[in-house]
Amino acid sequence: MPSREKPYKPVSSKVNFPDLETSILERWREENLLRETERVRAGAPLFVFYEGPPTANGSPGIHHVLSRSFKDVILRYKTMRGFRPLRRGGWDTHGLPVELEIEKELGISSKQEIEAFGVEEFNRRCRESVFRYVGDWEAMTERAGVWLDMDDAYVTYHNSYIESAWWVFKRLWDQGLVYEDYKVTPHCPRCVTSLSSHEVALGYQENTPDPSVYVRFPVSEAQSANDDVGGFALPAPQRAATLSKMGFIDGRWTAPRPSFIAWTTTPWTLTANLALAVGPAEQYVLAESDADGERVIVASALAERVLGEGWKAAAEFSGADFTGVQYDAPYVSPSLRGHTHRALPAGYVTTADGTGVVHTAVAYGAEDAELGKARGFETVHTVDLRGVVADGFPGAGKFVKDADADIIRDLDERGLLFRDASPYRHTYPFCWRCGTPLLYYAKTSWHIRTTARKEEMVAGNRAINWVPGHIKEGRFGEWLRNNVDWSVSRERYWGTPIPIWRCADHPEHVAVAGSLADLAERVTDETRPLLDGLDLHRPFVDRVELRCECGGVMRRVIEVADAWYDSGAMPFAQWNYPVTVKGPGGAELTLNGVDDLIASPLFPANYITEAVDQTRGWFYSLLALSTLIAGKPSYESCLVLGLILDGNGEKMSKSRGNVVDPWSVMNEHGADALRWYLFTAAPAADARRFSSDLVKETLRQFLLTLWNTYSFFVTYANIDGFDPSAHAAYWKDGQAGSPALASAPPNELDRWIVSELNGLAAAVAADLDALNPTGAGRRIQEFVNLLSNWYVRRSRRRFWKAENDDDKAWAHRTLYSCLLTLAKLIAPLTPFTADEMFRNLAPDGAARSVHLEDFPEPDASLVDDRLNKAARLAMRIASLGRNARSRSGVKVRQPLSRVLVHLRPEDAELLPLVAPQILDELNVKAVETAEADAVAEFSIKPNLPVLGPKLGARIGEARSAVAAADAATVAGALRSGSRVEIGGFAFEPGDLLVETADKPGVAAAADGALIVGMDVALTPELRAEGVAREFVHCVQNMRKAAGFEIEDRIVTYVSGSGADGGSAEETLAALAAEEDYVRQETLSGELRIGEPPPSAAHAGEREMDGATLIVGVARPRREDVE
RNA sequence: GGGCCACUAGCUCAGUCGGUUAGAGCGCAGUCCUGAUAAGACUGAGGUCCCUGGUUCGAUUCCAGGGUGGCCCA
């Protein structure tokens, strides 16, 4: 075998992965390896990735390592597949979380306090705080082996980003997709601001007591003839029929005036009641009290629950019958002009709770507002933004929750309180900052009319490759189908200012700026100087005034944009136009604006990934804005990740104190171990429990096994001077270390692992193409297990052999192929270990780093499924054989004459393929197929607890029939699952118990239809061989104890002990018969049988073969050598 | 209250396109092997495959309902 000039760097099986990784990182930094991968792929097609920008106002947690790892693995893989990924990082810098952080620092918690403090300084601090943890983030990202362009990251607070976000906004405006409207939002009356849905979710409290009142809404005496209210009233004749059925005839009541009964937990909202909603398809009953003849209207399904006993049904209606029926509201705001209170149908009314009649206050409920909007009602407030009830109502001047009691008392006094069932306990949202109960409050805000393009979004979603697939039509599709317009404005400070200027004199005069140039065009002379070096944030931009067409002065509206608007605009806003970028094939590409971008290959992204909580966050804002701006989604594939839970299955959060610091894990076990765990422990989309112990298990199970195999190879490759470049002809196209060989190896073991390897390489590529690193990793893990625990285990002796023959060369070549290919296969998943292995193993002419290499190209013609099956059969047989040996107490060291195998006919042909492996593994001279009854004794007996109830009295007859039957035949049939007939009885497999027992001289074990029997009969020759192997084992241990090197040649002494000299004769004779074998195995230049060891030797007494021997080992004396 | 997902051994997870005896790793108990040795092999204990009903010759698997947990939304 030709020698390699440079030996491989020795690989200790004791490895400290964290230390190894930090030194590799150092190397990558020195080599600027990330840039190098881009240089190598300069002419390649692009693979476009969009980074979902994290907010860097906290230290990164383990879940950030999760998403970053899944970003990285696909980008590394695509690089190796010949693409040049665009992997620009980004930071999300605006929004309430940032403001809150600063509020906390300043010890303030309301808008009034912020304004008093000064918006300019407040925003300055926000800007400063955002990057407080950026160093942590960058360090974590690098340490985790994640390659993102952090130097060139986009930042949402940069002027250029905001300006592009404005451009997008203007484009929306020009399409008529932006409007101002009342919208009911969760509102904190103490902080005087809306809360985002995320914030609301933080503040839900269970078992909150609230009032629970049932209120009378008497059907009105005056029923207007005007049927055209909102176009929804019933035609007069039909309404007249309904009223007449109620007893309202010719303008007067012929029976006690009935009342609708509605239920509410917020009595204060009754001050703003505008309508009663009924379910058009629900059934209602007009019930009459037995006690006093009162008549009320409630849903039939709820009548008993609401009314209790003592009522009888006087008439029945459907909800639709009530349409347009007028009633007398308990309170009428003076500011309400010409409004008629009516019952109206609404789809959201159910009979799940309440009365089936829903009190509707347009200003204080989302569904209420919807109804009001549909009917064209005006939004009338009876409570101010601080939650204080207006004059003219009970409880005026009080906070709403305190006014409730006044209102209930007033209702009671006026005979409108039907029933007070307070308190009602339910889950209610509170402000998570100050603990004030939130009010649902209608306010004007700016909206993006996403519903106008809903069908386009739904269609675009169909084209997205969601992983896992159920997100597409499930969580995300469901969300899209229920799309509502996007309330995009926030009355806050640190955000992208909404670029709308409004005339001071004519509020309907509005201008939208899509750029600084737009501002310059219309800016007033007085404020023009401000444009020079203008910071687009508040309060600076607020000072810029524009000229209105009417001659007036326009000022910016006060709101800033929702931070989701920023991130959703990211595909368009991340570039500072005009910008020149390297496109596909390395060609320079100049983008002058968003339209150029949309037409370029930089849009849409080929791949994005984030956790599942982004479904309604970033995934949505991306899709919405790109559908409205570009007419299609901004991402083609989306991998959705599950959340990480703590060891108890609870969500990690700072407040629970169960957050795992990624540094502690990476410092202890290494980034690769953590990555491998994150990739393989659970399907990417599933919520997963994290524990450091499981990372450790991963390390031992996978990385250390691989490392041991690698270490084994390097040890022997160095001893033998194996140089793959000298064997290039054995690989297809001379690609040393490729899984594709020029021809299949002669040795069936090599042929098998090469078959597995080629199958693996194809499957891993398919998995990674399908965005499934979990599947890829699990396959690789299984392969490494086979490689280590079968291939290497079975091949060890081939590497030990002193002589350099062809078989040994094949073993080297095969293991080399496996390890070099593995290094490439794992490179995207565990970039450190992969690069370390690759750099040591790489053949001449290979790239400097595995990350500059191509992904392995397997050769399907080398995949042999029969051989793969056969190898697994061999493993099962070996396992059963060891089992049989173990139970009969015959050690593996003791050679046996043969192993008997009974197997399914279809497997019989596989046996010859792997017979040599079985012989060696089980230490037998022959493997023979055999009938079941030649391998083991079977006995059958009735399973009485089962058969008893079935057969009753005939059980005795059955027992004798079973006893007379041929046990082996019956057992065979039962094992294969079929029914057996014996003496007129039909037995199912469960009816009879089959027991196996060893035949004399054969130790057997069975697994399903496979039965393996070891012939344990010993001939004198076998016994002698056994003794020799036992002796070799003993000498090896002594060599090691004596501290000899593996290649040291020694002199070995063996004799009977003084006390036992006689009985050792036979054992010594057996050793003499195997002298050559013993000397060769132990590297003993001399084997001195019967000679006691000299005092210089390492010696000791050993029990062996029933005798006591004195065994000694020594290095040869100098004079013996000379 | 709605949507999506999950539920298999003590723990973390495979698997079953409906079919013979449901698996792995870890942990536990024991044995062996060892020139990969801070590895490795074998054995044992440990399972109502969340529950109920339906479809079927047959359901852990398919369907429906329910339960528990997670996420998202009300």
Side-chain angles (χ1 to χ4, degrees), chain A residues 11-15 186 197-198 200-201 204 348 350 352-353 366-367 426-427 429 440 468 470-479 481-482 611-617 640 642-643 645 647 649-651 677 680-683 685-691 693-694 696-698 700-702 704-705 707-716 719 774 778 781-782 785 788-790 792-793 796-797 799-800 875 878-887 889 891-893 904 921 973-978 989-990 994 1005-1009 1032-1033 1036-1037 1039-1040 1044-1047 1081-1083:
Chain A
V11 177
S12 166
S13 60
K14 294 164 193 162
V15 57
S197 58
H198 174 70
V200 175
Y204 278 106
Y348 57 80
T350 68
D353 56 13
E367 290 173 327
H426 59 159
T427 305
Y440 287 92
H470 62 76
I471 300 284
K472 179 187 290 199
E473 294 303 331
R475 183 177 283 217
F476 197 65
E478 204 61 43
W479 163 252
R481 279 187 286 278
N482 296 320
V612 67
D613 55 356
Q614 294 299 323
T615 310
R616 281 139 201 219
V640 183
L643 277 93
L645 312 174
E650 294 196 27
K651 193 180 179 181
Y677 166 78
T680 60
D686 286 10
R688 65 193 60 217
R689 295 188 181 193
F690 182 87
S691 81
D693 283 349
L694 292 172
K696 184 176 166 187
E697 188 185 318
T698 281
R700 287 187 38 204
Q701 197 60 40
F702 174 67
L704 275 179
T705 306
W707 193 265
N708 276 334
T709 309
Y710 164 57
S711 163
F712 174 90
F713 170 80
V714 167
T715 302
Y716 289 97
I719 289 173
T774 306
R778 284 177 170 175
Q781 197 159 305
E782 176 59 22
N785 183 43
S788 169
N789 292 333
W790 193 253
V792 170
R793 176 186 162 81
R796 268 186 296 204
R797 297 192 79 83
F799 290 94
W800 297 341
M875 290 173 216
S879 173
L880 290 169
R882 279 194 297 262
N883 179 357
R885 271 183 177 272
S886 152
R887 287 193 299 104
K891 293 183 175 181
V892 177
R893 268 199 294 273
R904 293 191 302 195
E921 186 67 23
L974 292 175
R975 276 187 181 281
S976 63
S978 40
V994 180
D1007 173 24
V1032 166
H1033 168 59
Q1036 302 289 31
N1037 283 342
R1039 281 183 62 116
K1040 204 191 294 180
F1044 296 166
E1045 297 299 321
I1046 287 175
E1047 60 274 15
E1081 286 294 307
T1082 59
L1083 286 187

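Each chain gets a letter, A, B and so on, in the order its sequence line appears, and its residues count up from 1. Being a predicted model, the structure only gives us computed values, none of them experimental.
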Identify, between A:Val612 and A:Leu704, the residue whose nearest nucleotide on RNA chain B lies closer to the 5' end. A:Leu704

If I pick the C1' atom on B:rG23 and the same atom on B:rG47, what distance separates them, to the nearest angstrom? 11 Å

Establish, with yes or no, whether the OP1 or OP2 oxygen of B:rG40 is under 4.0 angstrom from a side-chain nitrogen or oxygen of A:Asn708. no

Rounded to the nearest angstrom, tell me the gap between atom CG in A:Asp686 and atom P in B:rG15. 11 Å

Donor-acceptor pair, distance only, cut-off 3.5 Å: does the side chain of A:Thr715 make one with the backbone of A:Ser711? yes

What residues form a salt bridge (Lys or Arg N to Asp or Glu O under 4.0 Å) with A:Arg793, not counting sequence neighbours? A:Glu921

Whole-Å distance, A:Glu921 CD to B:rC42 C1', equals 11 Å

How far does the P atom of B:rG2 sit from the matching atom of B:rG18, given to the nearest Å? 30 Å

Kindly give the atom pairs (protein nitrogen or oxygen, nucleotide nitrogen or oxygen) under 3.5 Å for nucleotides 25-32 of chain B.
{"unit_1": "B:rG25", "atom_1": "O3'", "unit_2": "A:Gln701", "atom_2": "OE1", "d": "3.2"}
{"unit_1": "B:rG25", "atom_1": "O2'", "unit_2": "A:Glu697", "atom_2": "OE2", "d": "3.0"}
{"unit_1": "B:rG25", "atom_1": "O2'", "unit_2": "A:Gln701", "atom_2": "OE1", "d": "3.2"}
{"unit_1": "B:rC26", "atom_1": "O4'", "unit_2": "A:Glu697", "atom_2": "OE2", "d": "3.3"}

Has the side chain of A:Thr615 got a donor or acceptor atom that lies under 3.5 Å from a matching backbone atom of A:Val612? yes

Base, sugar-phosphate, or nothing for A:Asn883, non-hydrogen atoms under 4.0 angstrom? sugar-phosphate

According to a strict under-4.0 Å criterion, is A:Ser879 in side-chain N/O contact with OP1 or OP2 of B:rC42? yes

Atom NZ of A:Lys696 and atom C1' of B:rU12: how far apart are they, to the nearest Å? 15 Å

Taking B:rG67 as the reference, what is the distance to B:rG10 when you measure between their P atoms (whole Å, please)? 25 Å

Check every strand shown and say whether A:Pro468 touches a base, only sugar-phosphate, or nothing at a heavy-atom separation below 4.0 Å. nothing

Among B:rA36, B:rG35, B:rA14, find the nucleotide with the atom closest to the side chain of A:Arg778. B:rA14

A:His470, nearest nucleotide to its side chain (from B:rC42, B:rC5, B:rA36): B:rC5

Send over the distance from A:Tyr677 OH to B:rC13 C1', rounded to a whole Å. 10 Å

Roughly how many Å apart are B:rG19 and B:rG40, using the C1' atom of each and rounding to a whole number? 37 Å

Provide the distance between the two P atoms, one in B:rG54 and one in B:rU61, to the nearest whole Å. 14 Å

Closest listed nucleotide, where the reference is the side chain of A:Ala682 and the choices are B:rG3, B:rC13, B:rA36: B:rC13

Length of the CG-P vector between A:Asn482 and B:rC73, whole Å: 14 Å

Say we look at B:rG70 and B:rC57: how far apart would their C1' atoms be, to the nearest angstrom? 39 Å

Considering only atom P, compute the distance from B:rG30 to B:rC13 and round it to an integer number of Å. 29 Å

Is the side chain of A:Ser879 donor-acceptor paired with the backbone N or O of A:Met875 at a distance under 3.5 Å, no angle test? no

Could a donor-acceptor pair under 3.5 angstrom be found where the side chain of A:Thr715 meets the base of B:rA36? no

Which nucleotide, B:rG2, B:rC4, B:rA41, lies nearest any side-chain atom of A:Asn789? B:rA41

As a check on the pairing definition, encode RNA chain B in dot-bracket form, counting Watson-Crick and G-U wobble pairs whose two distances are under 3.5 Å, and using | for partners outside this strand. (((((((..((((.....[...)))).(((((.......))))).....(((((..]....)))))))))))).

What distance separates A:Arg700 CZ from A:Thr705 OG1, expressed to the nearest 0.5 Å? 9.0 Å

Closest nucleotide among B:rG40, B:rG35, B:rG2 to the A:Arg616 side chain: B:rG2

Name all residues meeting the salt bridge (Lys or Arg N to Asp or Glu O under 4.0 Å) criterion together with A:Glu697; count only those two or more places apart in sequence or in a different chain, and write none if there are none. none

Mind checking side-chain hydrogen bond (donor to acceptor under 3.5 Å, both in side chains) for A:Trp479 and listing every partner two or more places apart, or none if nothing turns up? none

State whether the distance check finds a donor on one side and an acceptor on the other, under 3.5 Å, for side chain A:Arg882 versus base B:rC42. no

Counting the atoms with a prime plus P, OP1 and OP2 as sugar-phosphate, which does A:Ser788 contact under 4.0 Å by heavy atoms, base, sugar-phosphate, or nothing? base

Distance, rounded to the nearest Å, where A:Glu473 contributes CD and B:rC5 contributes C1': 16 Å

Please state the P separation for the pair B:rC17 and B:rU60 - nearest whole angstrom. 15 Å

CZ/A:Arg893 to CZ/A:Arg885 distance, rounded to the nearest 0.5 angstrom? 10.5 Å

For A:Leu1083 against A:Arg1039, the heavy-atom pair lying closest together: CB-NH1, 3.5 Å

Of A:Glu478 and A:Thr705, the one whose closest RNA chain B nucleotide lies more 5': A:Glu478

Need one value for A:Arg885: base, sugar-phosphate or nothing, where a base atom within 4.0 Å counts as base even if backbone is also close, heavy atoms only. nothing

Between the side chain of A:Trp707 and the main-chain N/O of A:Ser12, is any donor-acceptor distance below 3.5 Å? yes

For A:Arg475, check salt bridge (Lys or Arg N to Asp or Glu O under 4.0 Å) against everything at least two apart and list the hits. none

Mind calculating the distance between CD (A:Gln614) and C1' (B:rC72) to the nearest angstrom? 12 Å

A:Leu643 CG to B:rA6 C1': how many Å, rounded? 13 Å

Could you walk me through whether A:Phe713 and A:Phe799 pass ring-ring contact (aromatic ring centres under 6.0 Å, His included), step by step? CA-CA 9 Å; A:Phe713 170 80; A:Phe799 290 94; 7.3 Å; no

